[in-house]
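Report on one structure; see the data block that follows.
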Amino acid sequence: MSERIRTLTLRASAIALCCALGLGLAGCNDEKFDTQSQIGPNPQLPEPQQYLFPPMHLADVVGWQEGEAPKVAQGLSIKAMASDLAHPRSIYVLPNGDILVIESQGPGVEPVTRPKSVVMGFVESLVTSGGGGGGEGESNRITLLRDADGDGVPETRSVFLDHLKSPFGVALVGSDLYVANTDAIMHYTYSEGQTQITDPGTVLTELPGGPIDHHWTKSLVASRDGSLLYVGVGSNSNITENGMEAEKNRAAIWEVDRATGRWRPFATGLRNPNGLSWEPETGALWTVVNERDELGPNLVPDYMTSVKDGVFYGWPYSYYGQHVDPRVQPQRPDLVAKAIPPDYALSSHVAPLGMTFYTADSLPAKYRGGAFVGEHGSWDRGEFNGYKVVFVPFSGGTPNGKAEDVVTEFLNGDGQARGRPVGVAVDRTGALLIADDVGNTVWRVTPAG
Amino acid sequence: MAAYDGRTVVHTVRPPFHPLLWSFAGFCFVGTLLTDIAYWKTAEMQWANFSAWLVSAGVVLGVVALIVAIVDLLIGRLAGEGASIWAYTLGNLLALVLSVLNAMVHTRDGWTSVVPWGLVLSALVVLILLVTGMLSRWVGYSRGVVVSDV
């Protein structure tokens with residue numbers, strides 16, 4: 001009797017050990033990989049790996065000390081334009097040169113659905129509770145900076161709009177000002193020179209907000225003729241782990257009719273599209289997209305792409321065209337067959353959240369016509385990636401060459417975060433502005449000298 | 001094994017404390033298998049969430065049971081005869097280790113948090129528990145085992 005049981009037990013243990021070994025191998029394979037091979041139109045895509053627990057490598061927040069600033073590329077100089085802000089996430093420049101700084105915090109309505117939520121929340125709280133660079137006061141508002149003489153030192157600073165709901169995108173068409181809260185595009189009437197709006201505004205179009213609201217930033221841009229608005233609506237999960245119903249109308253760029261508020265999906269399968277901008281040469285709509293996590297340190301590369309009407313870019317079913325994601329069930333081979341790859345990879349987990357094309361002429365000539373991209377930085381790979389602003393040269397309406405570093409050293413030598421770049425914009429003088437939501441600063445990049 | 005002639009009166013002396021806790025963990029692991037199967041069949045995320053909670057709760061209870069089992073051992077309450085006590089102890093330890101692994105597999109997002117490895121591990125653990133459950137009749141406090149009060 002006990003002999004038979006012992007044999008059974010042994011056999012079971014042997015099977016179990018084999019399983020454990022197989023799982024272990026799938027989880028621990030992290031050899032040297034050239035991240036440069038994932039910058040450009042045809043990124044190297046390694047085999048997906050699945051973790052036993054996702055590596056969480058977050059940078060401790062230390063903030064900027066007096067006199068510290070990010071490092072800029074040759075020929076440029078950088079200075080803080082405003083500090084002690086409360087999580088500045090994006091920047092919009094009004095026609096009269098006034099600068100709107102959108103200060104925003106996530107809605108924090110994501111429920112605990114699994115033990116994993118508890119563990120990840122705990123690990124995240126360890127780094128975000130560390131001493132930030134001040135400015136932990138009121139957020140979810142827009143601050144107006146007026147720098148009439150263009151010297152980079154604002155003469156006035158005022159709260160332009162307050163009590164918003166996790167705002168991100170802003171667009172102005174004539175006197176109609178639109179603010180994309182996480183749950184609605186709001187309309188306000190703006191007159192030039194105004195430094196404060198007290199009107200509560202009206203809803204143009206409701207957007208998918210809570211419940212959950214995993215990717216909450218709603219990027220916004222108006223069409224050239226002003227008749228339409230385009231808004232980025234990120235997915236409600238990493239990879240549908242909150243259920244398919246939660247993804248309704250998400251992971252898409254919506255086209256909204258400004259006159260009526262009616263909308264239609266313009267492009268779909270974009271996991272978390274931000275930085276909506278018009279490419280100056282062709283007038284095409286471009287976006288930067290945060291791709292999925294937990295398939296390995298080098299999957300899936302985040303990207304920038306032109307966005308074509310009616311096109312499906314794969315999320316959640318596949319990435320970079322027809323690379324099927326095994327985590328999504330039921331699978332949809334019909335949709336995967338239609339998925340097209342994006343134009344230009346930016347490397348894995350760099351988290352691009354802002355983009356702007358450079359059409360001014362005060363910065364060195366090589367920047368003209370290309371795009372600046374704000375990379376917020378990685379959390380789920382051993383080695384940090386991103387945490388900088390890069391420049392992607394363009395020619396003929398498409399990227400032409402490798403992305404190059406423009407603003408770096410948001411991380412200090414010990415891998416601690418002094419700041420993290422998010423939204424980018426160009427001010428009236430042609431200087432590049434960067435919203436730093438961890439350093440609570442707006443940085444201004446000008447030509448050196 | 002000592003010959004059991006059917007006449008010896010066996011006294012259960014100093015039964016161990018951990019089996020009660022361990023059986024609660026076992027309920028969780030059986031539940032995990034059931035909700036894993038439900039997710040496998042429906043692809044409804046809520047089942048996978050149930051599994052993640054069940055397997056994690058099982059691991060927590062299992063670790064507590066392990067600590068109590070060590071105490072049992074130290075105070076002489078984890079006793080039994082030869083092979084069966086070893087198979088019982090090692091089998092349960094293996095079930096706990098596999099469940100820790102299983103809890104980690106269940107932290108993945110979506111389908112692969114369950115299919116195939118989560119499901120395989122859950123089934124394996126339940127199989128082991130069936131075996132050690134049968135063995136527990138021969139361990140410590142059950143009839144047919146001579147327990148000496150040491």
Side-chain angles (χ1 to χ4, degrees), chain A residues 1-24 26-27 48-54 56 111-120 214 237-247 292-295 316-317 324-331, chain B residues 1 39-40 42-46 48-57 59-60 81-88 90-95 97-98 100-118 120-121 123-125 127-128 130-132 134-135 137-138 144:
Chain A
M1 171 90 185
S2 84
E3 197 59 35
R4 217 177 73 216
I5 290 167
R6 199 164 4 161
T7 325
L8 257 174
T9 320
L10 274 174
R11 200 173 295 164
S13 333
I15 295 169
L17 272 173
C18 292
C19 298
L21 208 63
L23 286 160
Q49 359 171 321
Q50 293 250 277
Y51 298 112
L52 287 178
F53 195 80
M56 293 188 71
V112 169
T113 53
R114 295 177 290 169
K116 182 186 187 179
S117 329
V118 181
V119 176
M120 290 179 93
H214 185 77
S237 63
N238 173 30
I239 187 70
T240 69
E241 71 276 10
N242 291 323
M244 271 317 175
E245 311 81 60
E247 304 301 337
R292 63 205 76 198
D293 294 317
E294 298 182 34
L295 284 181
Y317 304 102
V324 172
D325 194 318
R327 299 170 294 179
V328 187
Q329 203 71 21
Q331 297 193 343
Chain B
M1 168 160 304
Y39 176 66
W40 177 37
T42 62
E44 191 62 58
M45 274 321 300
Q46 198 61 3
N49 291 341
F50 282 140
S51 286
W53 285 113
L54 282 167
V55 71
S56 304
V59 164
V60 171
E81 209 184 287
S84 29
I85 184 73
W86 279 108
Y88 168 85
L90 292 179
N92 282 341
L93 267 175
L94 179 67
V97 169
L98 291 180
V100 170
L101 209 59
N102 198 18
M104 294 176 108
V105 169
H106 276 80
T107 66
R108 291 175 183 171
D109 291 336
W111 188 246
T112 51
S113 70
V114 172
V115 186
W117 289 113
V120 167
L121 287 169
L124 216 52
V125 166
L127 275 177
I128 295 171
L130 283 175
V131 174
T132 58
M134 282 194 285
L135 281 175
R137 297 172 64 79
W138 302 87

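Below, chains carry the letters A, B, ... as their sequence lines are ordered, and counting in each starts from 1. Just so you know, these numbers use all the heavy atoms, side chains as well, and skip hydrogens, waters and symmetry mates.
Dense packing is recorded around CH2 of W53(B), with more than 12 heavy atoms of other residues, nucleotides or ligands lying under 6.0 Å away.
With a 4.5 angstrom heavy-atom cutoff, T113(A) touches chain B via backbone and side-chain atoms both. Looking at Q46(B), neither its backbone nor its side chain comes within 4.5 Å of chain A, counting heavy atoms on both sides. Contact of M104(B) with chain A is made through backbone and side chain together, with heavy-atom distances under 4.5 Å.
The greatest number of non-hydrogen atom pairs below 4.5 Å with chain A, out of L127(B), V55(B), V97(B), T112(B), is found for T112(B). Heavy-atom pairs under 4.5 Å with chain A peak, among N49(B), V125(B), V115(B), at N49(B). When the candidates E294(A), M120(A), M244(A) are compared by the number of heavy-atom contacts under 4.5 Å with chain B, E294(A) comes out ahead.
Interatomic distance, CD of E44(B) versus CD of E245(A), reported as 5.5 Å (0.5 Å rounding). With values rounded to the nearest 0.5 angstrom, R114(A) atom CZ is found 11.5 Å from S51(B) atom OG.
Scanning both residues, L52(A) and R108(B), for their nearest heavy atoms gives CD2-NH2, 4.2 Å. For the pair A52(B) and P115(A), the tightest heavy-atom approach, listed with the atom from each and the gap, is O-CG, 3.5 Å.
Each of K116(A), R292(A), R327(A) was evaluated against D109(B); a single residue qualifies, K116(A), per the side chain to side chain donor-acceptor pair (under 3.5 Å) test. Of the listed residues (E241(A), Q329(A), Q331(A)), just one forms a side chain to side chain contact (heavy atoms under 4.5 Å, CB included) with W111(B), and that residue is Q329(A).
Side-chain atoms of P54(A) and T107(B), non-hydrogen and from C-beta on, do get closer than 4.5 Å to each other.
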